[in-house]
2 protein chains.
Amino acid sequence: MAPKALDYDSLNENVKKVQYAVRGELYLRASELQKEGKKIIFTNVGNPHALGQRPLTFPRQPVFNLGKVSFQVVALCQAPFLLDDPNVGLMFPADAIAKAKHYLSLTSGGLGAYSDSRGIPGVRKEVAEFIERRDGYPSDPELIFLTDGASKGVMQILNCVIRGEGDGVLVPVPQYPLYSATISLFGGSLVPYYLEETANWGLDIQDLRQSVVQARSRGITVRAMVIINPGNPTGQCLSEANIREILRFCYQENLVLLGDEVYQQNIYQDQRPFVSSKKVLMEMGLPFSKEVQLVSFHTVSKGYWGECGQRGGYFEMTNIPPKSVDEIYKIASVSLSPNVPAQIFMGLMVNPPKPGDISYEQFIRESKGIIESLRRRARLMTDGFNSCRNVVCNFTEGAMYSFPQIRLPPKAIEAAKKAGKVPDVFYCLRLLEATGISTVPGSGFGQKEGVFHLRTTILPTEEDMPGIMDSFKKFNDEFMEKYEDHRGYSRM
Amino acid sequence: MAPKALDYDSLNENVKKVQYAVRGELYLRASELQKEGKKIIFTNVGNPHALGQRPLTFPRQPVFNLGKVSFQVVALCQAPFLLDDPNVGLMFPADAIAKAKHYLSLTSGGLGAYSDSRGIPGVRKEVAEFIERRDGYPSDPELIFLTDGASKGVMQILNCVIRGEGDGVLVPVPQYPLYSATISLFGGSLVPYYLEETANWGLDIQDLRQSVVQARSRGITVRAMVIINPGNPTGQCLSEANIREILRFCYQENLVLLGDEVYQQNIYQDQRPFVSSKKVLMEMGLPFSKEVQLVSFHTVSKGYWGECGQRGGYFEMTNIPPKSVDEIYKIASVSLSPNVPAQIFMGLMVNPPKPGDISYEQFIRESKGIIESLRRRARLMTDGFNSCRNVVCNFTEGAMYSFPQIRLPPKAIEAAKKAGKVPDVFYCLRLLEATGISTVPGSGFGQKEGVFHLRTTILPTEEDMPGIMDSFKKFNDEFMEKYEDHRGYSRM
Ligand SMILES: Cc1ncc(COP(=O)(O)O)c(C=O)c1O
Ligand SMILES: Cc1ncc(COP(=O)(O)O)c(C=O)c1O
């Protein structure tokens, strides 16, 4: 009988081609083990609330006050009749009540009504003001679209860029698999450019040029370039000079730049503070500032917020012609509107307490506290990995991940082959079974041939971190002992 | 200079081909007029909260108690530390507190954590139990995926079905433009089947067969069929016998059936209560019940809920092989997870008070009250339209829309041409300017050549309805007077 439309053999080939490892074999095995009662340390996704969680009978306390006020605001917006309750003042502070009224006044019908497909105009205005304060350059709310998380925004833009197999998108390798997956799904071609591990995951413009030349020789028109700054999984921060080079390169090669800046609050060193691509572009002046097409992405899922489950994000478009903006609007309309509660979270995130506000001091103290703790955890983790046999690891300058290289001995690689596994998957599965630590094998992000990594988040608490690193070291060093023939490694 | 990737000329052609009228020219003009201070009655989208809204300083009261409890539950889930507040019992009833604890216990990390990409397992279980109660047949939570609204679910499934231009999807005409838009976006071919206005928007299997034959002669493989039951924009309810014929047809033609059942609670007559495609399929027995591939969609946006802004939905898969389910899971993973607050709304919707629960009586009374009011409004609107010159309208048996045919005189059609407008757009724009009533021209949904319609929702309040219909009649009858030459109409 003929295959049916949703039989595997007759599915859209682009769907089948998609690879998505972050929730792949390791994640599935970890879930199984958890079901069987094993304690699993999920360091595979940057999902802060799932990791910081207390036992379920003690629901999480917000980590700092701004968070608390924000949750109260969204709670009041969800159930606005609470505002009329005579007891509201007992449970909700005045500023939460005021903010809730503010956001309700921006919606048309509360959280239960579809918003404009680009998002609530008043929130988009708050985003534009945030960008202006951050960069010192004007931002137009009409060029800001709110989305159900940054992922959905990236997918919308790539859907517009990719016309077919002949269209290439430059993507850093290692990369966050959203990009490879989306490019497969829309039938385009991924054009990799390698980040240089020995140069602290830096990006070399010569290599970039080389990648474009090679793609062209395969008949591919490179149309877009992705940068992830700070990087996932690699954790590096781009310098202003580097971003300038990239933008100049995009100008020369006629590429639209997709700037994934979801980790802009997550910075753990002082040499390279976050600078947005938009700001660098504006500072470059003409012709660049009027010519280079740029789309920048942000989210409520990361930073001090970590509100992953809300699914809130935005993108800002620079130098995109109005007719194209209209097309992007039309495509957003097909699924009606992004979810409204997360739009309010976005408003709260981009418009936090200001100097002079009652909660400003506390907000600064607490948000600083979180970032400083993450900075200490980044250090603990990097040092922990570097103390392990056959493991080398760059410092996590930003984002939420550590991406150590695991130099697997040839015998381990053979053992993996025998087990029918990619070598890093083999290693990570062993790690999971032995310690409960759930990581993502480097092959899920792309890596140079014959080089192996794993990715963990730096999110376990400071108290848990030493125990986790000890248990990792114990596993790793035993693993290496077992497979090492004391002659050679997989090459660096 | 070469066009840049996001210049209009170089966008993905499939993006440009998408047509999406629900928020098209009429909507844009209505928004402009509103900005200029004109009072606009937005009957263009089924967005109940936006229409029932009170002035913003009096935030909406939930229409009934179940709603109130639900909003309280979601509010508590958003700010779970409220559960520890000694005053919580003053503002939140015991059942809301219990439900909030229940849903928090189902999440891993509260509303701020990504869930599994298919949605929270515990909520999917509640959905499966709902389907079992509704249909009397088993339902498997592993085959239920939660989504950010039904729209996103439909898009995911069509993305898997459509491999290219040669793949056709049978879509009713008139249709909800999500389908035409998504098929364009993914580069497939829409194969229309016409609903018969004179037969109360019924569906004729002979015509359906004809459509497939015609598509084949154009080299198209028809792979899927969409039914919308109850219908949007047409408002008809399918009989069980009709659904059985459709399923048999899908079996013969090897089509996957996409059953859009988002309006299953919105029924305004007793002859044809809602019956799900799943139930009919199960009742047909072998070979059908094991062979026909079916995906059914539901949402929190419609029914008594109307929680459009939350973006919550689900789909259930029947007879889809496990390997394909895995592929659909993988695609869902690319955007990490559906938003978590709306998953909780879905849980509350499918698991409302049961006989014996404290609030059961009130729930039944109030939800009935809403549907009865909508039924009266459907009647008022149909009768109102049928009392107008050159307007004929089928009764709204279900869903939220009225879809009157407007028989435009030849002179009106000429005037439209002169103005460079499609005739029904011309009529609807005039209506908007004259009365503030914002509708969607029938051409946005597809209609037979030379026949014109408009779509309104039946959502204006019962108090407002007579005024709206009077103002419509006044406009329409004057319009007809002006353009009629008392000799001929546009044909029925
Ligand atoms: C680099 C990067 N971009 C985008 C995202 C997507 O975030 P969201 O869709 O939750 O906004 C993530 C999430 O981990 C990420 O790491
Ligand atoms: C027939 C039909 N299907 C699907 C939808 C999408 O609903 P949502 O994405 O809000 O769940 C709608 C919305 O109006 C509709 O009318």
Side-chain angles (χ1 to χ4, degrees), chain A residues 2 4-8 11-12 15 20 23 47 49-50 53 56 59-61 71-72 74-75 78-81 85 87 90-91 104-105 108-114 148 151-152 160-161 163 181 223-224 254 256 293 307-309 311 320-321 323-324 327 330-331 333-336 339-341, chain B residues 2 4-8 11-12 15 20 23 47 49-50 53 56 59-61 71-72 74-75 78-81 85 87 90-91 104-105 108-114 148 151-152 160-161 163 181 223-224 254 256 293 307-309 311 320-321 323-324 327 330-331 333-336 339-341:
Chain A
K4 297 172 198 153
L6 284 175
D7 284 352
Y8 181 78
L11 291 183
N12 179 351
V15 165
Y20 202 78
R23 297 189 169 198
N47 194 1
H49 289 187
Q53 137 200 22
L56 290 164
R60 89 187 132 99
Q61 288 292 335
F71 301 129
Q72 287 167 328
V74 178
Q78 280 287 10
F81 50 87
D85 190 300
N87 295 309
L90 295 174
M91 288 189 77
L104 283 171
S105 80
S108 51
L111 269 51
Y114 296 125
D148 288 301
S151 310
K152 285 281 158 67
C160 293
V161 166
R163 298 164 303 183
R223 283 165 56 83
N254 201 23
V256 55
Q293 297 187 335
E307 284 290 329
C308 302
R311 315 307 296 120
I320 312 298
K323 270 182 84 177
S324 299
E327 292 294 309
K330 184 182 68 185
I331 295 306
S333 302
V334 176
S335 49
L336 297 163
N339 88 76
V340 177
Chain B
K4 296 171 200 154
L6 284 175
D7 284 353
Y8 181 79
L11 291 183
N12 179 351
V15 165
Y20 202 78
R23 298 190 167 196
N47 194 1
H49 290 188
Q53 135 201 26
L56 290 164
R60 86 189 134 100
Q61 288 292 336
F71 301 129
Q72 286 166 329
V74 178
Q78 280 287 9
F81 49 87
D85 190 301
N87 296 309
L90 293 175
M91 287 189 79
L104 283 172
S105 80
S108 51
L111 270 51
Y114 296 126
D148 288 301
S151 311
K152 285 281 159 66
C160 292
V161 168
R163 298 165 304 183
R223 283 166 54 85
N254 200 22
V256 55
Q293 298 188 334
E307 283 290 328
C308 303
R311 314 309 294 119
I320 312 298
K323 270 182 82 177
S324 299
E327 292 294 309
K330 184 182 67 183
I331 296 306
S333 302
V334 177
S335 50
L336 297 164
N339 88 77
V340 177

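All values derive from a computational prediction rather than experimental measurement. Proteins get letters first, then strands, A, B, ... in listed order; numbering begins at 1 in each.
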(message) Can you tell whether the side chains of A/D7 and B/K323 come within less than 4.0 Å, N to carboxylate O?
(response) no

(message) Counting only non-hydrogen atoms closer than 4.5 Å, does A/S151 touch chain B with its backbone (N, CA, C, O), its side chain (CB onward), both, or neither?
(response) side chain

(request) Sort out for me which of A/P321, A/P341, A/S335 touches chain B most, counting heavy-atom pairs under 4.5 Å. (result) A/S335

(request) To the nearest 0.5 Å, tell me how far B/F71 CZ sits from B/Q78 CD. (result) 13.5 Å

(request) Sort out for me which of A/V74, A/L11, A/V340, A/L6 touches chain B most, counting heavy-atom pairs under 4.5 Å. (result) A/L6

(request) Go through the atoms of B/I320 and report whether side chain, backbone, both or neither lie under 4.5 Å from a heavy atom of chain A. (result) side chain

(request) Please look at A/I331 and chain B and tell me whether the side chain, the backbone, both or neither of the residue comes under 4.5 angstrom of a heavy atom of that chain. (result) side chain

(request) Could you tell me which residues satisfy side-chain contact (heavy atoms from CB on, under 4.5 Å) with B/N87, sequence neighbours excluded, listed by chain and number? (result) A/L90, A/M91, B/D85, B/L90

(request) Check for a donor-acceptor pair, side chain of B/R223 on one end and backbone N or O of B/V161 on the other, with a separation under 3.5 Å. (result) yes

(request) Spell out, as yes or no, whether a donor-acceptor pair under 3.5 Å connects the side chain of B/R311 to the backbone of B/N339. (result) no

